[in-house]
Amino acid sequence: MALSLGLSTVQRLAANVLDMSLSRSLCALTISTRRVISTSSPAAIAVSHPLCAEPLKKKKRIDPAVVRAREERRRRKLEKAIRRLEKSSRQLKPLAEMELPREVRAELSERRRPARPLTTEEANERFDLMKEWTRHRREQHVADVAVLRRIQESRAKALRELRAESFQLYCAAIEEDPDLVPWAHSGPTLTPPIDGYDAPDGDYVDTTRRWE
Amino acid sequence: MRLTWCSRRLLLGGFQFSCRTLSQAARAEPAPPAGQAGPWHLYTAVCLQRLPVVAPPLSDTERRFAALLRQLEFERSLKSSHEIRHEMDIATAEALRASEGDDPDLAEAASLQTAADFEDACAEELAGFEPAPTITEADRAGDQRSLQRRLSSRLVLVVQQRLGAGTSWMLPQGRHQDGATLRQTAEQTLQAMVGPNVNAQFLGNAPWGFYKYKYPKPLQQESGAVGGKVFFYKAVLRGGSVEPVADRVADHRWLTAAELGGQLRSRYRRAVHRLLIDHD
């Protein structure tokens, strides 16, 4: 009796479930395989507990050659993408200051200066002046090197004497000074700064494009 | 090649110090000092420099070469918009003269501000700006206590330091005490001599020069030391104010490397000069 009651309930339930649409209730229709004794021939359709996922699909065997081909294709695609990105980083970025503006490039023919040929005397004068300049710069360089060598020797002597005097102080003296580097100094100008000068042009803001 | 005895000594002398790296040298304990027996007092002296504010004037070669470079750059350049405008103004003026004032468009174009007018206005504005002079009041007066003198050279601080009963012109010098490094001693010495408001950046932990002197006999007996060994530290004046402390320093001067000779004793001056840059 209970069984028959249960069956009719189940039958009603099944109908309701079908009405409500199976996926929304996350239940599955099952066919019970348990032994049931009944007077009528039951369909034995029952509703399972709510499942929180779809039953897994059956895994199909894929040909290993096909798998390898897919992997290869994926790797080639990635390498191509990497090469494209690297090419962009290898390209020289444009310098706005080094390019001619559009308007100037359009009028290039009008903007060229007439070529004035040099006389022999002028050419000789320029040549002599360049030689004189080279000589002058070399003398400056030699003098600089001599000064730097003198200062280096003075420091080497000081360190030798310090080491002979006190080894502990010497070790402290040859320690690196982290505040020294980076060294920053805004160098000499053409004229000295004016105290309390208010620039009429205001401040300059650096708008250079940077590619990181 | 046969080496003479002096060149061999130079070679060996230089080679001995340079072939050993600092780390190797640091690991080895030194032999006891071979100099005069007896303890030496250690001192640190500070060579405080004001760096050049202004570039030195160009020499004759430099001026002529700069003019040549400017000429070359002009010859290789394209005409600027200002020059094009100037040429067009001239052409407009010519056309106006040729048409004898009949064409109203030309007359209007000519009445606008020409490139030459604009240039004159700019020159006038520039003439209105007065740059600060490179030869200052202090230069003319010869005020050696001023920092505004000799703006294109480096100036070194020299003080008349009180030593015992008398005074002596030297770089600010202080006795080293145990427990501090030489660099710390140098910083303390500078602050003790010229006040705490000086903003000086020291150039590294290592000394730049060395000077040794013997005390007079009575002082040797009194102090128990043979003399003093002075280690020079370099510093660059970054700002702040130099206020000599009256009970340590009687007077002070800011001198160029060339002017040091007049103020310091010869052997001391030579030791100081070896660590200075003296182009100017």
Side-chain angles (χ1 to χ4, degrees), chain A residues 100-101 103-104 107-108 110-113 115-116 118 125-126 129-130 132-133 135-137 140 143-144 147-148 150-177 179-180 183 185 187-195 197 200, chain B residues 17-18 22 25-26 29-35 40 42 51-56 59 61-62 64-65 68 72 74-75 77-81 84 130-134 136 148 151-152 176 181-183 201-210 212 229 231-232 236 271 274-279:
Chain A
L100 283 177
E103 302 83 23
V104 172
E107 309 166 353
L108 210 53
E110 289 116 49
R111 293 210 179 219
R112 272 195 235 278
R113 290 189 197 281
R116 191 181 65 89
L118 282 178
E125 256 176 45
R126 288 189 179 184
L129 181 52
M130 288 200 217
E132 199 182 322
W133 174 252
R135 235 173 273 132
H136 170 79
R137 283 294 291 132
Q140 270 191 343
D144 283 344
V147 163
L148 288 174
R150 171 176 40 87
I151 295 174
Q152 266 183 321
E153 278 170 9
S154 167
R155 187 204 266 240
K157 180 177 179 193
L159 282 173
R160 271 200 302 274
E161 294 288 341
L162 181 59
R163 185 156 176 265
E165 184 60 39
S166 159
F167 187 65
Q168 204 181 9
L169 288 178
Y170 171 78
C171 289
I174 60 172
E175 294 267 321
E176 274 180 24
D177 182 7
D179 299 327
L180 197 56
W183 168 269
H185 179 66
T189 47
L190 274 179
T191 57
I194 301 172
D195 280 330
Y197 179 70
Chain B
F17 193 78
S18 60
L22 279 173
E29 275 285 340
W40 293 82
L42 294 184
L51 295 180
V53 175
V54 152
S59 71
T61 315
E62 284 168 346
R64 283 186 293 130
F65 191 69
L68 172 63
L72 284 174
F74 178 77
E75 284 170 12
S77 66
L78 296 173
K79 291 184 191 169
S80 65
S81 305
I84 299 282
E130 191 64 51
T134 50
T136 56
Q148 305 309 317
L151 293 176
S152 57
H176 167 259
T181 65
L182 280 185
R183 156 91 181 251
Q201 181 169 16
F202 277 77
L203 304 182
N205 288 325
W208 288 87
F210 175 76
K212 191 166 71 175
K229 286 186 173 174
F231 293 94
F232 295 95
V236 163
R274 286 187 41 214
L275 55 91
L276 287 180
I277 293 177
D278 65 345
H279 290 317

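Please read these numbers as outputs of a predicted model, since none were measured by experiment. Note on naming: letters A, B, ... go to the chains in the order of the sequence lines (proteins, then strands), and numbering restarts at 1 for each one.
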Okay, side chain of A:R113, backbone of B:F74: is any donor-acceptor separation there less than 3.5 Å?
-> yes

Heavy-atom distances under 4.5 Å only: say whether A:Q168 touches chain B with side chain, backbone, both or neither.
-> neither

Does A:E161 come within less than 4.0 Å of B:K212, counting only side-chain N to carboxylate O?
-> no

Nearest heavy-atom neighbours spanning A:P193 and B:A132 = O-CB, 4.5 Å

Closest heavy-atom contact between B:L275 and B:F232?
-> CD2-CB, 3.5 Å

Under 4.5 Å heavy-atom distance to chain A, tell me which part of B:E62 shows up: side chain, backbone, both or neither.
-> both

For A:S154, enumerate each residue passing the side-chain hydrogen bond (donor to acceptor under 3.5 Å, both in side chains) test, keeping only those at least two apart in sequence or located in another chain.
-> none

Heavy-atom distance under 4.5 Å to chain B: side chain of A:L162, backbone, both or neither?
-> both

Counting heavy-atom pairs under 4.5 angstrom with chain B, the leader among A:H185, A:Q140, A:M130, A:E103 is A:H185

Applying a strict 4.5 Å limit to non-hydrogen atoms, the region of A:D195 in contact with chain B is neither

Which atoms of B:L203 come close to chain A, meaning under 4.5 Å heavy atom to heavy atom: side chain ones, backbone ones, both, or neither?
-> both

Give me the ring orientation class for B:F231 and B:F210: parallel if the planes are under 30° apart, tilted from 30 to 60°, perpendicular past 60°.
-> tilted

When only pairs under 4.5 Å are counted, which of B:H176, B:R64, B:Q148 shares the most heavy-atom pairs with chain A?
-> B:R64

Under a 4.5 Å heavy-atom cut-off, does chain B meet the side chain of A:L100, its backbone, both or neither?
-> side chain

Who are the salt bridge (Lys or Arg N to Asp or Glu O under 4.0 Å) partners of A:R137, not counting sequence neighbours?
-> none

So which of A:V104, A:L148, A:D144, A:D179 has the biggest tally of heavy-atom pairs under 4.5 Å with chain B?
-> A:D144

Non-hydrogen atoms of B:P133 and B:L151 that approach each other most closely = O-CD1, 4.3 Å

Against chain A, work out which of B:T134, B:L72, B:T61, B:V236 has the most heavy-atom pairs shorter than 4.5 Å and name it.
-> B:T61

Comparing B:T181, B:L42, B:V53 against chain A, the one with the most heavy-atom pairs below 4.5 Å turns out to be B:V53

B:L182, part contacting chain A, at a heavy-atom distance under 4.5 Å | both

Contact origin within B:R274 toward chain A - heavy atom pairs under 4.5 Å | both

Is chain A contacted by the side chain of B:T136, its backbone, both, or neither, given a heavy-atom distance below 4.5 Å?
-> neither

Any chance CG of A:L190 has more than 12 other-residue heavy atoms, nucleotides or ligands included, within less than 6.0 Å?
-> no

